[in-house]
Amino acid sequence: MRWSRQFIPTLREVPQEAEIPSHRLMLRAGLIRRLSGGLYTFLPLGLRSLRKVEQIVREEMDRAGALEILMPALQPADIWQRTGRLEAMGGVMFHIRDRQGRAMVLGPTHEEVTTLLAAQDIDSYRQLPRTFYQVQTKFRDEIRPRFGLMRAKEFIMKDAYSFDVDEAGVDASYEAMRAAYVRIFARCGLRTRVVEADTGAMGGRDSQEFMVLAEAGEDGVIDCPDCGYAANLERAEGRPPALPVVEGADGPSAEVETPGARTVEQVAAFLEVSPRQLVKTLIYLADDRPVAVLVPGDREVNEIKLQRALGAGRLALADEARIVEVTGAPVGFAGPAGLDLPKLADESLRGARGCVTGANRADAHRVRVDLARDAGALAYADLVFPCAGDGCPRCADGRLREERGIEVGHVFKLGTKYAEALGASVLDEGGRRRPPLMGCYGVGVTRTLQAVIEQRHDAQGICWPAALAPYPVGLLCLNTRDAACAAAADALYAALIDAGVEVLYDDRDERPGVKFKDADLVGFPLRVAVGERGLSRGVVEIRERATGVTDEAPPEAAAERIRTRLAELVAKESADGA
RNA sequence: CGGGGCGUGGCGCAGUCUGGCAGCGCGUCAGCUUUGGGAGCUGAAAGUCGUGGGUUCGAAUCCCACCGCCCCGACCA
């Protein structure tokens, strides 16, 4: 393809809408354009790379034995009603009505549709195991779309669903997908981290996420450098350090006046103690029943953990009126002593003495509290988000680190929830009817594309892996008005096409500097420069984008040399990723 | 949904406070020169100043409403 006939609107200046490097580069390199918030058009170069990611995904799914299908993006709302997810998904689904007034949704995922397919056409264990997948546009009404393709209202996802008769089968299906994911991301030239994850609104058990570590990541990742434990922040456990026991803390507890001090910072400053010394008492409503939740003053409640510990269906912080009603004090002064509510405390508060709590009275707190002595009946559970520096939950000496990650893949086991809700069942070997065990596996295709750029770029532009570059080779004719130069470049272009190399030929009547800048920005893994200077010495220049390693070849031999170097690049990249 | 900010040729912005010819840089088009890291000169095209209403002799500028976009936050005592 000739540059003069492609559509590559590169931008010299940085568009103001973009915040993170990958987003800026996708706009500047002419890969995408924004239509409105969270909605993007793929331009020719962006689409070429996107198709390459999809192709890798398909090849690895097929290799793992999954079967490609294509389900409707538009779905009747009632199937979501049947699994209880119409409410559970909250506002993330786009709701529309057809002309008959039937309620429809644009699918953010496809568990319901897949399960109904199985209910229709899978009757016997003999038809199992089966894993279906599709590559499809998904819709989510994001509260706040941002970072280009990273969090968009419309995005392309590969989603796969497995069906098995027994646990051993699910384990095998899950492992096959997990292994396929490792290969997919390696081939995309991504370094990923596999972390334990929470199953969230999906329901289910084992769950792992593939994270691309990046500053701009929207997910927290906790890991232990000693033993390799790694988990999504929402799921991660940790051992917070014990509360410091201060001098004279063993005396009887007493109320002190703390006028106006209601936040942890205010109280800590007023009493001249560290926030660690405080115990926060939060009033939650678990299925509308109030419960007191105690956590260290410098920690935050992980509501997912809390909900699980309480076995609650619905969980929310109590509103101001309710807090006054159950504690007798305004917000900010709740404490466990004398509070007649079920109480649940974080594990790290076991044996806490000498701490500060609210006094259940306006403008008062209680000091020298010994939870075991003063707080009445307390249950303990892991309720908080871990922090960097906490002890590792899996090994003795490890100290946890906290990093940011972009979730590009997610695998998990769903159990029988959907099959039961939608009436899917199969006959097992003994002739008994039972719901199949499901697994579900997603790859954010558009997000993966952007994650690659986020991980592989420099000040000049994108450093595409050869496997994903829109064109792996950029051929620059440095002076189109010089007959010899143009002839040599034309000949090499023809030779590269004959050699089966995907090449973009910059044949524009531009100065060399413009072509070099654009080539760096667009990020051809190999850049071939044909100029008068080189030709006078009988060579063209071949330069590797990522490393800057440059060599030269006679024009006649260049096509073959380029082909060889490209093959080496692809091999090296997927080895690095794996 | 709450808070903040922004909407002015394709892109980036100034002009708005203090009303009085709609500007700058980049890009685009034409010509000449130039050709190994975003060239120089000359000329040109291109703007309902987000939309609607109001105030005024006169509105990009002041007032009201709406729309769009960006950022932060969304109940942590």
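Since the model is a prediction, treat every value here as computed from it, not as a measurement. First the proteins, then the strands, lettered A, B, ... as listed; each starts at 1.
Exactly one residue among A/Leu213, A/Val195, A/Ile222 makes a side chain to side chain contact (heavy atoms under 4.5 Å, CB included) with A/Glu403. That residue is A/Leu213.
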*When you check every protein heavy atom under 4.0 Å of nucleotides 71-77 of chain B, what one-letter string (B, S, -) results, 5' to 3'?*
SB-BBBB
*Any chance you could list the contact pattern along nucleotides 25-36 of chain B? Use B for base contacts, S for sugar-phosphate-only contacts and - for none, protein heavy atoms under 4.0 Å, 5' to 3'.*
BSS------BBB
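A/Arg33 comes within 4.0 angstrom of nothing in the nucleic acid, heavy atoms only. A/Asp518 comes within 4.0 angstrom of a nucleotide base, judged by non-hydrogen atoms across all strands.
With a cut-off of 3.5 Å on both pairing distances, B/A46 has no Watson-Crick or G-U wobble partner at all. B/C41 is paired with B/G31 under the Watson-Crick or G-U wobble criterion, all donor-acceptor distances under 3.5 Å. Of all nucleotides present, none satisfies the Watson-Crick or G-U wobble test against B/A60 with each distance under 3.5 Å. Base pairing of B/G25 is made with B/C11, judged by Watson-Crick or G-U wobble geometry with both donor-acceptor distances under 3.5 Å. Across all strands shown, nothing is found opposite B/C75 as a Watson-Crick or G-U wobble partner with both distances under 3.5 Å. When Watson-Crick and G-U wobble pairs are counted only if both distances are under 3.5 Å, B/G36 pairs with no nucleotide at all. In this structure, B/U51 forms a base pair with B/A65, meeting either the Watson-Crick or the G-U wobble geometry with both donor-acceptor distances under 3.5 Å.
For A/Gly37 and A/Leu11, each mapped to the nucleotide of RNA chain B holding its nearest heavy atom, the one lying further toward the 5' end belongs to A/Leu11.
In summary, the side chains of A/His457 and A/Glu454 do not present any donor paired with an acceptor at a separation below 3.5 Å, with no hydrogens or angles considered.
Geometric assessment of A/Arg48 against the ring of A/Tyr471 yields a positive cation-pi assignment under the 6.0 Å and 45° thresholds.
The shortest distance between side-chain heavy atoms of A/Glu544 and A/Pro525 does not fall below 4.5 Å. The shortest side-chain heavy-atom distance between A/Leu306 and A/Leu344 falls under the 4.5 Å cut-off.
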*Could you walk me through whether A/Arg545 and A/Asp458 pass the side-chain contact (heavy atoms from CB on, under 4.5 Å) check?*
CA-CA 10 Å; A/Arg545 172 69 176 84; A/Asp458 59 22; 2.7 Å; yes
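Remark: P of B/G38 and CH2 of A/Trp3 are 16 Å apart, rounded to the nearest angstrom. Following rounding to the nearest Å, A/Lys153 (NZ) and B/C69 (C1') show an atom-to-atom distance of 11 Å. Computed from coordinates, the A/Leu35 CG to B/C69 C1' distance equals 12 Å when rounded to whole Å.
Comparing B/C13 with B/C70, their P atoms sit 14 Å apart, to the nearest whole Å.
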